[in-house]
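Each chain gets a letter, A, B and so on, in the order the sequences are listed, and its residues count up from 1.
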2 protein chains.
Amino acid sequence: MEDKTCHGVETAVHALVGKWKPIILYQLMETGTMRFNELKRSIPNITQKMLTTQLRELEYHKIVHREVYPQVPPKVEYSLTEYGKKIIPILQSMQEWGTAHQQYMRENDIQTIEK
Amino acid sequence: MEDKTCHGVETAVHALVGKWKPIILYQLMETGTMRFNELKRSIPNITQKMLTTQLRELEYHKIVHREVYPQVPPKVEYSLTEYGKKIIPILQSMQEWGTAHQQYMRENDIQTIEK
DNA sequence: CAGTATCCAATCAGATACTG
DNA sequence: CAGTATCTGATTGGATACTG
């Protein structure tokens, strides 16, 4: 990767890329600390595998903190790191824009999500 | 797609997903109106195919305007729509956060981009 | 409860060649 | 100049079954 146009934007995208990451972050941002299955329930269509891998990546990027309680049955809690909380404004802008976008596209009869 | 957790965030991601889209938008945001090859030159590693398809998708979402001048040799200009300009704050937040992220990850010896 | 492991289908991305 | 077309390899995502 040359660093000619290697903007921060690229890096941000890289950290946020993945079908479910913004949704996961949005959940954690709204609810705070959440357990694995709690997160899973809050995102109906996600599979266990996807939730795990996306969480691992977010953890790797220090955006999400994973707290394991060594007990039976297992208990694992996820939360935004102080560092991860700094992307909240981005998510909020996205949320705002996305909602307006849905409205706009609906008014112009253009399909957005339903492939 | 159920619309339980179908937030605006999802929609925003959907419109912005693609390896090059944020970079393309960032270019247009910085430079304003740009021709096809001008865009291509400003994004060193992009292929013609990728640039075309990503631009088409952005056009479909009414984020980018495509102006064709019917002349030989062809001239096509791309620019952000009024509507597309509304995502500028998002890109700026991403730019800001991404730059800080690079710094942070470097300090902690964690790789970000170089797969 | 919170995961792994496997396998498979779909999508994405790159290289290359060609065109009005 | 600004694209299309085609082929191929890589990456992602989903379904399902199993586990400490």
Requested in this report: Quick one: stems involving DNA chain C, counted as three or more successive Watson-Crick or G-U pairs, both distances short of 3.5 Å.
Outcome: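 C:1-20 with D:1-20 - these are the stems of 3 or more pairs that involve DNA chain C.
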With a 4.5 Å cut-off on side-chain heavy atoms, are [Y] and [X] touching?
X       : Y       : result
B:Lys21 : B:Glu57 : yes
A:Gln27 : A:Leu39 : yes
B:Asn37 : B:Arg41 : yes
A:Leu16 : A:Leu25 : yes
A:Trp20 : A:Asn45 : yes
A:Thr31 : A:Glu38 : yes

Report task. Answer with yes or no whether the hydrophobic clustering places B:Leu51 together with B:Val68; edges join I, L, V, M, F, W, Y residues whose side-chain heavy atoms lie under 4.5 Å apart. Result ->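 In one cluster with B:Leu51: B:Val68, yes.
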Measure from [atom1] on [X] to [atom2] on [N] and round the result to the nearest Å.
X       : N      : atom1 : atom2 : answer
A:Leu51 : D:dG13 : CG    : C1'   : 14 Å
A:Met34 : C:dA2  : CE    : C1'   : 15 Å
A:Phe36 : C:dC1  : CZ    : C1'   : 9 Å

Query raised in the report: Considering residues at least two apart in sequence or located in another chain, which fulfil the salt bridge (charged side-chain N to carboxylate O under 4.0 Å, His left out) criterion with B:Glu82?
Result: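 For B:Glu82 the salt bridge (charged side-chain N to carboxylate O under 4.0 Å, His left out) partners, ignoring immediate neighbours, are B:Lys85.
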Report task. Compare side-chain N and O positions of A:Tyr78 against OP1 and OP2 of C:dG3 and report whether any pair is under 4.0 Å apart. Result ->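 The answer is yes; a side-chain N or O of A:Tyr78 sits under 4.0 Å from OP1 or OP2.
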Query raised in the report: Would you say B:Arg35 reaches D:dA2's phosphate, i.e. side-chain N/O to OP1/OP2 under 4.0 Å?
Result: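 Indeed, a polar side-chain atom of B:Arg35 lies that close.
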Report summary line: Reading nucleotides 14-20 of chain C from 5' to 3' and marking B where a protein heavy atom lies under 4.0 Å of the base, S where only the sugar-phosphate is that close, and - otherwise, the string is BB----B
Query raised in the report: Residues from residues 54-73 of chain A sitting under 4.0 Å of DNA chain C, heavy atoms only?
Result: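 Listed by number, they are A:Arg56, A:Arg66, A:Pro73.
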**Report entry** ring pair (Phe, Tyr, Trp, His ring centres under 6.0 Å) partners of A:His65, counting only residues at least two apart
**Finding:**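 Partners of A:His65 by the ring pair (Phe, Tyr, Trp, His ring centres under 6.0 Å) criterion come out as none, since no residue qualifies.
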Report task. Only counting residues at least two apart or in another chain, list the ones meeting side chain to side chain donor-acceptor pair (under 3.5 Å) with B:Tyr60. Result ->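 Partners of B:Tyr60 under the side chain to side chain donor-acceptor pair (under 3.5 Å) test: none.
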Query raised in the report: Is there a donor-acceptor contact under 3.5 Å from the side chain of B:Lys75 to the main chain of B:Arg35?
Result: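 No, B:Lys75 side chain to B:Arg35 backbone: no donor-acceptor pair under 3.5 Å.
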Report task. Using a 4.0 Å heavy-atom cut-off across all strands, classify A:Lys75 as base, sugar-phosphate, or nothing. Result ->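 Since only primed, P, OP1 and OP2 atoms lie under 4.0 Å of A:Lys75, the category is sugar-phosphate.
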